[in-house]
Each structure stands twice: as C-alpha cells, then as structure tokens.
Participant: 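The structure's right below; bear with me while I get my questions together.
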Protein chains: 2
Amino acid sequence: MRIGQLARSVGVDTQTVRFYEREGLLPPPDRQDNGYRVYTERHVERLAFIRRCRILELSLAEIHELQRYQTAPHQPCRAINTLLDDHITHVRSRITDLQVLEKQLVSLRASCNDDREIEACGVLDGLSEGNMQQ
Amino acid sequence: MRIGQLARSVGVDTQTVRFYEREGLLPPPDRQDNGYRVYTERHVERLAFIRRCRILELSLAEIHELQRYQTAPHQPCRAINTLLDDHITHVRSRITDLQVLEKQLVSLRASCNDDREIEACGVLDGLSEGNMQQ
DNA sequence: TAAAACCATATAGTCACTATAAGGTCAATA
DNA sequence: TATTGACCTTATAGTGACTATATGGTTTTA
Ligand SMILES: [Zn+2]
Ligand SMILES: [Zn+2]
Ligand SMILES: [Zn+2]
Ligand SMILES: [Zn+2]
C-alpha cells in the first residue's frame with residue numbers, strides 16, 4: 001500500500017503521514033525501487049491509533065508516551081490511566097476558562113446595541129476603560 | 001517612560017511590546033539619542049487595550065480590526081458588535097467541542113482501573129480498537 | 001504521446017509569543 | 001577607576017501540529 005491509500009484509509013493528508021514519520025510516531029516503511037513508501041496493515045493500525053488519540057486532542061508527546069508503554073506489555077498500566085486523568089484535567093480546566101470568558105464577553109456585548117456611533121459603542125468602551133473583572 | 005516600565009505597568013514582557021510594534025498594533029515610539037524607546041501615556045492606554053482584548057482571547061487580527069474602527073468615530077458601530085458576536089460564537093462552539101471530548105475521555109477512562117497489566121489496560125484497548133463514537 | 005494523478009524532498013508559513021545570542025548604555029558600588 | 005548589575009538594542013530560532021508551496025520524478029490513463 002502506498003502513502004496515498006494509507007492516508008485516505010485513515011482520513012489524514014499524505015503530508016501528515018510523512019510528518020508523523022519524521023516525528024518518530026510512525027515507523028519508516030520499506031521503499032520501492034523508485035523510492036515510494038510501502039506500508040503494511042500494521043502501519044494502518046498504528047496510524048489509526050494516532051488518529052484516534054488526536055481526535056481526543058492528546059498531544060503528539062502524549063501519544064509517543066502511550067506508544068512507549070505498548071512496548072512493555074507486562075508493566076502495570078497505572079501510568080496510562082494517569083496520563084488520561086491528567087489530560088481530562090486539562091480539558092476540564094480549559095472548559096472552565098472558556099466559560100468564564102464567555103460570561104465576560106456576553107456581559108460586554110450587552111453594553112451595546114447596534115445603531116450607535118463607534119464613538120459611543122459600549123463594547124469598544126468596555127474594552128478601552130479598565131472595567132474588567134479580573 | 002522606557003520599555004521596561006511600560007511593560008511592567010501593563011503586565012507583559014518587553015519582548016511582547018516590541019512584538020506588538022513589529023505587528024503594527026502599537027505605534028513606534030520616539031527614541032532617545034541612545035536608541036532607547038520612549039513611551040507616553042497614550043502608549044500605556046493602547047497597550048492596556050490590547051492586553052484586555054487578549055485576555056478575552058481576541059486574536060491580534062481582531063484587535064487590529066477594532067483599532068481601525070477607532071479611527072472612524074462617526075461610523076455606525078455594528079461591525080464592532082458583529083465582531084464580538086462572532087467571537088462569542090467561536091468560544092461557545094469550542095466549549096461544546098470540549099464538552100463532547102470530556103465525555104469521551106471520561107468514558108474511556110472508566111474502562112480501566114489501576115492494577116492491570118498494560119496488555120489488559122482498558123484505556124489503551126479503547127484507543128487501539130476503533131470503538132469510538134464519531 | 002500527453003495529460004492527470006501520484007510520489008519524492010526541501011523549505012516556509014501559521015499563531016502569539018518565548019528564548020537565546022551578542023552586544024551597547026547607564027548608575028551605583030568596591 | 002573599574003566593575004558589577006540592571007537596563008536597553010537587534011537578530012534569529014523555537015514552540016505545536018500541521019499546511020502550503022516549489023520543484024521535480026514516476027505511474028496510470030485517455
Ligand atoms: Zn493532554
Ligand atoms: Zn457597539
Ligand atoms: Zn475571535
Ligand atoms: Zn489501564
């Protein structure tokens with residue numbers, strides 16, 4: 001299987017596949033005589049694993065860490081669960097931050113209606129004066 | 001006032017101040033004979049405006065747009081309000097995305113307890129098999 | 001045979017900074 | 001007076017995870 005078929009089968013760009021290879025997330029495949037990369041079913045699985053991790057917004061570093069765990073199948077899995085817990089914590093704290101942000105933005109937006117002049121715009125005024133909480 | 005004092009008074013790094021100048025968000029100040037930048041109170045206000053916008057996670061492009069509006073004080077302010085509405089929409093859709101993500105992550109995490117071998121880790125298994133919704 | 005589709009590498013751009021390097025200026029201290 | 005330390009200058013590279021572009025070779029199809 002060549003790079004285009006691999007990429008299509010998992011739903012990424014061919015550039016991304018080469019990028020993952022450079023980053024050490026995908027093992028370098030064999031090459032044809034003309035230099036074309038040739039992939040196996042194991043590459044498909046490996047790339048699909050990366051893709052599922054990325055959909056969950058795990059970083060490439062976290063994915064790398066997971067891959068290292070996979071090479072030691074008889075170690076306890078606590079580190080993996082901890083990695084996921086940490087990631088969940090990050091996601092939750094980002095949600096909280098954005099919810100605070102949303103409140104501030106909505107409150108700022110409420111300080112203006114349309115049909116004013118820019119000079120009198122409540123939004124611009126709120127951004128210019130330092131009446132911001134936090 | 002020199003760059004260090006300006007930066008401290010608004011709570012950014014001096015590098016960031018120079019960066020904003022290069023990006024056209026902060027007007028180039030006068031220079032002393034030795035080349036040092038000299039800022040006025042108007043620069044403080046301008047930088048504080050940028051900072052408040054950044055806290056609300058407006059992009060530098062959006063801040064630039066707001067600054068352009070400020071130079072035409074007698075235009076209607078609808079564009080400003082629209083800019084903010086769009087930004088709120090982005091923030092909300094990001095919150096929604098992250099909430100979906102959090103659910104998926106929590107469900108994945110629930111498929112494992114500690115004290116298993118990596119081979120049997122429910123988390124790793126969930127990432128390896130394609131049992132993901134969406 | 002020629003166009004379309006595919007493959008290769010190398011390099012630069014995205015965003016909003018942040019870090020590093022290498023050096024010039026100024027006031028206070030040993 | 002010499003030197004330390006805090007400040008300032010510019011230029012360049014790094015961050016993360018791609019994405020875009022340039023340039024050229026190869027394979028498949030019409
Ligand atoms: Zn994470
Ligand atoms: Zn308005
Ligand atoms: Zn925005
Ligand atoms: Zn586990």
Side-chain angles (χ1 to χ4, degrees), chain A residues 1-26 28-40 43 46-67 83 86-87 90-91 94 97-98 101, chain B residues 1-26 28-39 43 46-67 86-87 90-91 94 97-98 101:
Chain A
M1 174 188 321
R2 294 191 310 197
I3 196 168
Q5 197 186 337
L6 171 68
R8 265 190 308 277
S9 78
V10 175
V12 301
D13 194 271
T14 56
Q15 304 240 65
T16 304
V17 175
R18 292 189 199 100
F19 170 73
Y20 288 156
E21 181 183 332
R22 276 202 306 282
E23 295 293 301
L25 288 167
L26 204 55
D30 289 341
R31 301 281 186 136
Q32 289 177 349
D33 292 346
N34 57 16
Y36 286 17
R37 292 170 174 84
V38 190
Y39 293 98
T40 67
H43 285 99
R46 188 90 172 246
L47 183 57
F49 177 83
I50 297 171
R51 178 97 175 106
R52 282 189 290 268
C53 290
R54 288 295 301 139
I55 286 171
L56 296 173
E57 299 195 18
L58 289 161
S59 69
L60 298 194
E62 287 167 329
I63 296 170
H64 215 97
E65 204 177 328
L66 288 175
Q67 288 181 343
L83 187 156
D86 290 349
H87 189 62
H90 295 151
V91 169
R94 183 65 183 144
D97 289 352
L98 286 177
L101 210 62
Chain B
M1 173 187 325
R2 293 190 310 199
I3 196 169
Q5 197 186 336
L6 170 68
R8 265 189 309 278
S9 78
V10 175
V12 301
D13 194 272
T14 55
Q15 303 240 68
T16 304
V17 175
R18 291 191 199 98
F19 170 72
Y20 288 157
E21 181 183 332
R22 274 203 306 281
E23 296 292 302
L25 288 167
L26 204 57
D30 287 343
R31 302 281 187 137
Q32 288 177 351
D33 292 345
N34 58 16
Y36 288 15
R37 290 171 176 82
V38 190
Y39 293 98
H43 286 98
R46 187 91 173 245
L47 182 57
F49 176 82
I50 297 171
R51 178 100 174 103
R52 282 190 289 270
C53 289
R54 287 296 299 139
I55 286 171
L56 296 174
E57 299 194 17
L58 290 162
S59 69
L60 298 193
E62 286 167 330
I63 297 170
H64 214 96
E65 203 177 329
L66 288 175
Q67 288 181 345
D86 290 349
H87 190 60
H90 295 150
V91 170
R94 183 64 183 145
D97 289 352
L98 286 176
L101 211 59

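All heavy atoms count here, side chains included; hydrogens, waters and symmetry mates do not. Just so you know, these numbers come straight off a predicted model, no measurement behind them. Naming: A, B, ... by sequence-line order, numbering from 1 per chain.
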Participant: What's the separation between atom OH in A:Tyr20 and atom CZ in A:Arg51, rounded to the nearest 0.5 Å?
Facilitator: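 CZ of A:Arg51 is found 7.5 Å from OH of A:Tyr20.
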Participant: What is the distance, to the nearest angstrom, from the CD atom on B:Glu21 to the C1' atom on C:dA16?
Facilitator: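 Those two atoms, CD and C1', are 17 Å apart.
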Participant: For the residue pair A:Glu21 and A:Arg37, establish whether any side-chain heavy-atom pair is separated by less than 4.5 Å.
Facilitator: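 A:Glu21 reaches A:Arg37 side chain to side chain.
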Participant: Take a 6.0 Å sphere around CG of B:Asp30 and say whether it holds more than 12 heavy atoms from other residues, nucleotides or ligands.
Facilitator: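 For B:Asp30, atom CG is not crowded (no more than 12 foreign heavy atoms under 6.0 Å).
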Participant: Within this structure, what is the CG-to-P distance between A:Asp13 and C:dA8, rounded to whole angstrom?
Facilitator: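 These atoms are roughly 12 Å apart.
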Participant: Separation of A:Leu25 atom CG from D:dG16 atom P, in whole Å?
Facilitator: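 That distance rounds to 12 Å.
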Participant: With a cut-off of less than 4.0 Å, is there a side-chain N or O of A:Tyr20 near OP1 or OP2 of D:dC18?
Facilitator: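 Checking D:dC18 against A:Tyr20, a side-chain N or O does come within under 4.0 Å of OP1 or OP2.
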Participant: Is there a donor-acceptor pair under 3.5 Å between the side chain of B:His43 and the backbone N or O of B:Met1?
Facilitator: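 Flag not set: sc B:His43 to bb B:Met1 has no pair under 3.5 Å.
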Participant: Given atom CD1 of B:Ile50 and atom C1' of C:dC15, what is their separation to the nearest angstrom?
Facilitator: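 Whole-Å distance recorded here is 16 Å.
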Participant: Can you tell me how far CZ of A:Arg52 sits from CG of A:Leu56, rounded to the nearest 0.5 angstrom?
Facilitator: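 Interatomic distance, A:Leu56 CG to A:Arg52 CZ, rounded to 0.5 Å: 10.0 Å.
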Participant: What is the separation between atom CZ on A:Phe19 and atom P on D:dT21, rounded to the nearest whole Å?
Facilitator: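 Going from A:Phe19 (CZ) to D:dT21 (P), I get 18 Å.
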Participant: Can you check each nucleotide of nucleotides 8-13 of chain D against protein heavy atoms at under 4.0 Å and return B for base, S for sugar-phosphate only, - for none, in 5' to 3' order?
Facilitator: SBB---
Participant: For DNA chain D, find the residues of residues 60-67 of chain B with a heavy-atom distance under 4.0 Å and give them by number; none if there aren't any.
Facilitator: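 Nucleic-acid contacts, sorted: none.
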Participant: Check for a donor-acceptor pair, side chain of A:Arg2 on one end and backbone N or O of A:Leu6 on the other, with a separation under 3.5 Å.
Facilitator: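 Absent.
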Participant: Whole angstroms only, please: what is the CD-P distance between B:Glu23 and C:dA16?
Facilitator: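 So the two atoms are 8 Å apart, to the nearest Å.
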Participant: In whole angstroms, how far is the C1' atom of C:dC17 from the CG atom of B:Leu47?
Facilitator: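 Going from B:Leu47 (CG) to C:dC17 (C1'), I get 14 Å.
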Participant: Compare the minimum distances between each of D:dA17, C:dC17, D:dC18 and the side chain of A:Thr16, then state the nucleotide with the smallest one.
Facilitator: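 Side chain of A:Thr16 sits closest to D:dC18.
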Participant: Whole-Å distance between D:dC7 C1' and B:Met1 CE?
Facilitator: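 The distance from CE of B:Met1 to C1' of D:dC7 comes to 16 Å, rounded to the nearest Å.
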Participant: Would you check if A:Glu23 and A:His64 make a side-chain contact, meaning some heavy-atom pair closer than 4.5 Å?
Facilitator: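 A:Glu23 does not reach A:His64 side chain to side chain.
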Participant: Under the criterion side-chain contact (heavy atoms from CB on, under 4.5 Å), I'd like the reasoning laid out for B:Leu60 against B:Arg54: C-alpha separation, chi angles, the key distance, then a yes or no.
Facilitator: CA-CA 8 Å; B:Leu60 298 193; B:Arg54 287 296 299 139; 3.6 Å; yes
Participant: Is the side chain of A:Gln67 donor-acceptor paired with the backbone N or O of A:Leu25 at a distance under 3.5 Å, no angle test?
Facilitator: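 Pair found, side chain donor or acceptor close to backbone of A:Leu25.
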